[in-house]
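As C-alpha cells, the structure follows; a few thoughts come after it.
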Amino acid sequence: MLDATVLIIDDDDDILLSARLFLKQQVKQVITCKSPKEINVLLSKNEIDIILLDMNYQKGASDGREGLYWLEHILSIDKDYVVILMTAFGNVELAVKAIKKGATDFILKPWENEKLFATISSASKLRESTKKVKKLEKIHTSLQKDLARGFENIVGQATEIRQLQHTLLKVAPTDANVLILGENGTGKQVFAYEIHGNSHRKNQVFMHVDLGALNENLFESELFGYAKGAFTDAKEDKPGRFELADGGTIFLDEIGNLTLPLQAKLLSVLQNRTVTRLGESKERKVNVRLITATNMPLNEMVAKNTFRQDLLFRINTVELLLPALRKRGEDILLLANHFLQVFSAKYHKNLQKISNKAQEALLKYQWPGNVRELQHVLERAVIMSDGADITEDDLQLSPQRYAQNNTLPDEMALEDMEKMMVQKAIDKHKGNISKAAAELGLTRAALYRRIEKFGI
C-alpha cells in the first residue's frame with residue numbers, strides 16, 4: 001500500500017465511487033469531492049499528495065478548459081502539487097497543453113485499474129522525491145550558520161564532566177527528552193549536539209533554535225511554519241523548525257525565557273506530536289527528539305508560577321546539570337591548550353604553548369562567562385600574539401575578575417550570580433549593550449530581557 005493521500009475531484013458519482021473502492025485498497029487515504037470549488041478548503045485541511053482532477057464539469061463540455069483553469073489554480077497554491085488530469089475525451093493536443101502547464105500525467109476514462117495504479121504509483125514516487133528535495137533545501141537555508149561554525153567536542157577530565165559523559169552515553173541512544181541546565185557558556189549546545197551525535201538520529205538534522213533571540217510575535221511562524229497568505233509577507237508556504245527537524249533532533253535553547261502563553265503552545269505540540277502551520281487547520285505529524293536548555297532556575301519559576309509544571313515534566317525525562325568552569329579547575333588548562341591548537345590552525349600561526357605566567361593567570365581567573373569566555377579569550381590571544389608563546393598580556397584578562405578579588409560563595413543563588421554578571425558587564429562597557437552582550441555570550445535581545453528581569 002502506498003503511503004499517500006489521494007484527492008479525487010469529479011462531478012460523476014459513479015466515477016468517484018469506482019475510484020474510491022479501488023484506491024482505498026492501494027493508498028493510505030482517499031478523499032473525494034464533486035466540485036473543484038471545494039479545493040481550497042480540502043487542501044488547507046488535509047495533507048494531499050496526489051490530486052486526480054477531471055477536465056470538464058459543465059454538461060456537454062469537452063474542451064478541458066475548466067480542468068486547465070483548476071490545474072493552474074492548484075499549482076498557484078503550491079507548484080509542487082502532483083496533479084493527474086482525467087477526461088473521457090482523448091485529445092493529444094489537450095494532453096500536451098496540460099503537461100506544459102504543470103500536470104504530472106494524463107489518464108483517460110474509463111481507465112484500467114492496473115493503469116490507474118501504475119500512474120498513481122509513479123506520481124507518489126515523484127511527490128516523495130519532491131518533498132525530500134524541498135525539505136533539504138529548507139534545512140540547508142536554516143542551518144547554514146550552524147554548519148559554517150561547526151561543533152566542538154566535549155573536552156574535560158574533571159569528575160563532574162566524566163560523570164556527565166557517562167550519563168550522556170546512556171541517554172543518547174534513547175529518544176528520552178533531555179533538559180540541560182547550567183550557567184551561560186558552560187557548553188549546553190555542545191552537550192546537546194553530542195547527544196544527537198551518539199543517537200540513532202545522528203544522520204538526520206540537528207536543529208538549534210535560540211528561543212531567547214526569537215521575537216515573541218514570530219514564535220509560531222518560526223517553530224510551526226505558515227501557509228501562503230497567512231500574513232502580509234507570507235508569499236509562500238514555509239515549514240517551521242519542527243517540520244524541518246522531522247526524523248532528527250530539535251534543540252530548544254533558553255527555554256526558560258518563554259512566556260506562559262508560548263509555553264502552552266509548545267506543550268500542546270509536544271503532547272500531540274503534531275504542528276499546525278499559521279493560516280491552516282490541518283495537523284502535521286512530527287517525529288523529533290527533544291533537547292532543551294536554560295540557565296534559569298526552572299523549579300523556582302514553577303513555584304512562582306512563571307513556568308508551567310506540566311511543561312517541565314514533559315521536557316526533563318533526563319536532566320543534566322553542567323558545572324561552572326570555576327568548579328572544574330583541572331580542566332581550565334586542558335581547554336585552553338585545546339583552543340590554542342584550534343585557533344593557531346585557524347589563523348595560520350605557529351604558536352607553541354601558553355607561558356607559565358599566562359597559565360597562572362588563567363587558573364586565578366573566575367571565568368564568569370565559563371568555557372565560552374575562555375574560548376573567546378584564547379581566540380583573541382592567538383590573534384594578538386606576536387611571539388611563539390601566549391603571554392599573560394596576550395590574554396587581556398579583567399583584573400576585577402581574579403579569584404582573590406572576586407570570590408563567589410558556593411551558596412550564591414544562580415539567579416543572583418547571573419544578575420551580578422550582567423551588571424558588571426554593563427558597567428565595564430559603560431552601558432554599551434552590544435559589547436556587554438558579546439562578552440556574556442548573549443544576543444542583544446536576550447540581554448535586554450535580563451536587564452528588564454533584574455531591574456537593572
Under the ring-ring contact (aromatic ring centres under 6.0 Å, His included) test, which residues partner [X], sequence neighbours left out?
{"X": "F231", "answer": "Y226"}
{"X": "F219", "answer": "F224"}
{"X": "F251", "answer": "H208"}

If the condition is side chain to side chain donor-acceptor pair (under 3.5 Å), which residues does [X] pass it with, not counting sequence neighbours?
{"X": "S434", "answer": "R444"}
{"X": "D310", "answer": "R308"}
{"X": "Y69", "answer": "none"}
{"X": "K353", "answer": "D389"}

Quick check: closest heavy atoms across L211 and E254, and the distance to 0.1 Å?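 Scanning both residues completely, I find the closest heavy atoms to be CB-O, 3.8 Å.
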Identify the heavy atoms of L362 and W367 that sit nearest to each other, and give their distance.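 Smallest interatomic distance, heavy atoms only, reads O-NE1, 2.9 Å.
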Assess whether a salt bridge exists between E160 and R328, defined as any Lys/Arg side-chain N lying under 4.0 Å from an Asp/Glu carboxylate O.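 Looking at E160 and R328, the cut-off is not met.
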Which ring-ring contact (aromatic ring centres under 6.0 Å, His included) pairs, counting each pair once, include a residue from residues 263-308, with sequence neighbours left out?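 Those involving residues 263-308 do not exist here.
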side-chain contact (heavy atoms from CB on, under 4.5 Å) partners of N215, counting only residues at least two apart: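 For N215, the residues satisfying side-chain contact (heavy atoms from CB on, under 4.5 Å) (neighbours in sequence not counted) are N217, L218.
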Would you be so kind as to tabulate the donor-acceptor pairs closer than 3.5 Å made by side chains of residues 171-178, with sequence neighbours excluded?
residue, atom, partner, partner atom, Å
T174, OG1, V171, O, 2.7
T174, OG1, A176, N, 3.2
D175, OD1, H200, NE2, 3.2
D175, OD1, R201, NE, 3.0
D175, OD2, R201, NH2, 3.1
N177, ND2, R314, O, 2.8

Applying side chain to side chain donor-acceptor pair (under 3.5 Å) as the test, list every pair that has at least one member in residues 36-48; sequence neighbours left out.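 Every pair satisfying side chain to side chain donor-acceptor pair (under 3.5 Å) with a residue in residues 36-48: N40-H73, E47-R284.
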Do you see a donor-acceptor pair shorter than 3.5 Å between the side chains of Q352 and N350?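 Result is yes, a qualifying pair exists.
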Criterion side-chain hydrogen bond (donor to acceptor under 3.5 Å, both in side chains) on N316 and E319, from CA distance to verdict: CA-CA 6 Å; N316 74 336; E319 192 173 290; 3.3 Å; yes
Where at least one partner belongs to residues 203-230, residue pairs that pass salt bridge (Lys or Arg N to Asp or Glu O under 4.0 Å), sequence neighbours excluded: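 Those involving residues 203-230 are E220-K265, E222-K238, E222-R241.
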Among I180, I255, D253, side-chain contact (heavy atoms from CB on, under 4.5 Å) partner for T294: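 In the set I180, I255, D253, the residue that makes a side-chain contact (heavy atoms from CB on, under 4.5 Å) with T294 is I255.
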Does the plane of the ring in H196 sit parallel, tilted or perpendicular to the ring in F206? Use 30° and 60° as the thresholds.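 Rings of H196 and F206: tilted, 30 to 60°.
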Is atom NZ of K435 surrounded by more than 12 heavy atoms (other residues, nucleotides or ligands) closer than 6.0 Å?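 No - once you tally the heavy atoms of other residues, nucleotides and ligands closer than 6.0 Å, there are 12 at most.
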